[in-house]
Trainee: 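Have a look at the structure that comes next, please.
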Amino acid sequence: MEIDDLTPAERRVWRAFATGTSVDFRDGSEGTPGPDRGPEPAVRAAVLRALLLNGPREPGEVAALKVMGARITGQLDLRYAVVGSVVRLNHCRFDAVPRLAGAHLNYLNLRDCALPGLAAARSRIDGSLRLTRCRIDGPVQLGGAQISGALFVDRAEITADDPAQPVLALHQLSVDDDVCARGLRTRGPIRLDGACVAGSIDLDDAELSNPAGFVLQAEALDVGANLLARRMRAEGRIDLRGSRVPGRVDLLHTSLSNPGGTALRLSSCVVGELWLREGPPIEGRLNLRRAEVGQLHLAPEKLPDQVRLLDLTYTFLTPHEPAERRLPMLERDDGAFDPHAYEQLTAAYRTTGDDRAARLVQLAKQRRHRGTLPWYGRLWGHLQDAAVGYGFRPLRAAGWLLSLLAAGSIAYAGHHPPPLKAGEAPHFSPVFYTLDLLLPVISFGQESAFAPTGWYQTLSYVLIVTGWILASTVVAGVTRTVSRQ
């Protein structure tokens, strides 16, 4: 391409390229008549391509394309090209989607641009890619791209016509630094499946919308530090199944909404800390099945009506809440009974030294399990619960024992049963006679020496049977407690 074939605006860009000088058309000083005059002088994409692939160079200078406030006409096609110069096109408007698939770029900055999309799948960028405050009316395709620096999509607005296609395709993306997406606004799904980000992903204050569909699909995502999404508003399904985040998944003050479906799926994830506190309750299902969390910061009021916790493991649970506030979440897994969830909650309370709350959780576990048994199992469970609270309320057994002892002692004190062998029987004691009937193992010699008649005999049978039931439930409860210890 010869310089004589260029418009005045393009000649200005051509001359500035060799020395890396910035060209800012927003000042209106390009000095060209006709249609190039105004806030958006036109620069052909073919001219930019020629500059980047075979532009003029000056010894001792670093060539760079730095243009602001231009309209880029035609399609910038750099597919599989090797571009060693910095590309900085700010406040520009593109008529066609830039095609950068498979390209090898040094640095690409499209800050404050308006684009109909961006096709840069499998591209390689040695520096950073900056799309800050861009307005993009089509899909951004970065699947399989390799970015040695950071990816900036902060305060960008990305929409697309087809709700089934990702507006931001970042699957299999590799970023050696952070992904900064603060204040990002999207209307459609974001795809991050299999992406690897060495630093953090920052979605603070983002607004993501794709009602009744995926708003963020990030299965097997690998993040080196944190996934931050404070004050994020998401309408649609967020799926992070199988992802690994050794730092924090921070969802403080986040609004998650997907009525009738799953709002947040973190199943099979490995997370250092999960912060799910403050802000409105989740609208939709929360799935934490098989996840491994070091510290779970979970507020009860944040939980939705359906919470799936099967095989969820965590070491610490904060903030410290009474067991009565934590237990309802264990009953929201589609009615299924998961003993592991109760054991995890018990372990969390024991870690903090709250043995009372741990006992309440174990008692709730036994009562929940009782509902899964046949009628005779449920009957025996009710007896254990009423007698000793499944071994977690031992004082209740003492209360039963004292009550039965008092009743029997009063009854037999008013009517001494006749001795079996007159002259050989010991002195009758109503208290120890009642204890002989109640305690199936210990003998004070009273029961074998006297033989009650009538309803007093019936009372003795009741006391014997009740004593055996009480003893069996106490032994079962104590055995269960010792085995857990």
Side-chain angles (χ1 to χ4, degrees), residues 323-324 327 337 339 342-343 346 350 355-485:
E324 293 82 359
L327 284 170
F337 170 61
Y342 288 88
E343 294 298 331
T346 299
R350 285 176 177 160
D355 292 333
R356 177 188 174 277
R359 289 193 298 270
L360 288 176
V361 175
Q362 285 294 302
L363 179 57
K365 172 190 169 185
Q366 295 300 326
R367 288 172 173 171
R368 185 82 184 279
H369 177 249
R370 185 173 65 206
T372 66
L373 300 176
W375 68 269
Y376 50 86
R378 292 196 298 272
L379 177 60
W380 178 242
H382 281 293
L383 288 174
Q384 292 189 75
D385 195 359
V388 291
Y390 286 99
F392 299 105
R393 292 178 176 174
L395 292 179
R396 183 178 292 179
W400 279 107
L401 180 62
L402 291 175
S403 299
L404 293 171
L405 178 60
S409 299
I410 293 172
Y412 291 116
H415 180 82
H416 292 192
L420 288 175
K421 295 181 179 180
E424 296 182 9
H427 176 71
F428 180 76
S429 172
V431 174
F432 284 97
Y433 181 75
T434 306
L435 282 175
D436 251 353
L437 296 174
L438 285 172
L439 303 180
V441 178
I442 301 175
S443 175
F444 296 99
Q446 294 280 317
E447 179 186 359
S448 59
F450 298 93
T453 59
W455 78 271
Y456 293 100
Q457 186 180 29
T458 303
L459 175 61
S460 67
Y461 294 154
V462 171
L463 291 174
I464 291 172
V465 172
T466 306
W468 273 104
I469 294 175
L470 185 61
S472 300
T473 54
V474 168
V475 170
V478 170
T479 302
R480 188 183 303 113
T481 303
V482 172
S483 65
R484 282 191 303 272
Q485 297 297 332

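Atoms considered below: every heavy atom in the structure, side chains included; atoms not considered: hydrogens, waters and symmetry mates.
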Trainee: With rounding to the nearest 0.5 Å, note down the distance linking OG1 in Thr346 to CG in Leu363.
Mentor: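 Here the interatomic distance stands at 10.5 Å.
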Trainee: Could you list the residues that satisfy side-chain hydrogen bond (donor to acceptor under 3.5 Å, both in side chains) with Glu324, not counting sequence neighbours?
Mentor: none
Trainee: Do Leu327 and Tyr342 have side chains that approach each other closer than 4.5 Å (heavy atoms only, starting at C-beta)?
Mentor: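 A side-chain contact exists here, since the closest heavy-atom pair is under 4.5 Å.
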Trainee: Using 0.5 Å steps for rounding, measure from the CG atom of Asp436 to the CZ atom of Phe450.
Mentor: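 Nearest 0.5 Å value for the CG-CZ distance: 10.5 Å.
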Trainee: So, taking the atom named CG in Leu459 and the one named CH2 in Trp455, what distance separates them when rounded to the nearest 0.5 Å?
Mentor: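 The distance works out to 5.5 Å.
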Trainee: Quick one: closest heavy-atom pair of Lys365 and Pro339, and the distance?
Mentor: CE-CB, 4.0 Å
Trainee: Tell me, yes or no, whether the heavy-atom count around Phe428 atom CZ, taken from other residues, nucleotides or ligands under 6.0 Å, exceeds 12.
Mentor: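 Atom CZ in Phe428 is packed in, count exceeds 12.
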Trainee: Out of curiosity, Glu343 CD to Arg350 CZ, how far, rounded to the nearest 0.5 Å?
Mentor: 7.5 Å
Trainee: Could you tabulate the donor-acceptor pairs under 3.5 Å formed by side-chain atoms of residues 404-419, not counting sequence neighbours?
Mentor:
residue : atom : partner : partner atom : Å
Ser409  : OG   : Leu405  : O            : 2.7
Tyr412  : OH   : Tyr456  : O            : 2.8
Tyr412  : OH   : Ser460  : N            : 3.2

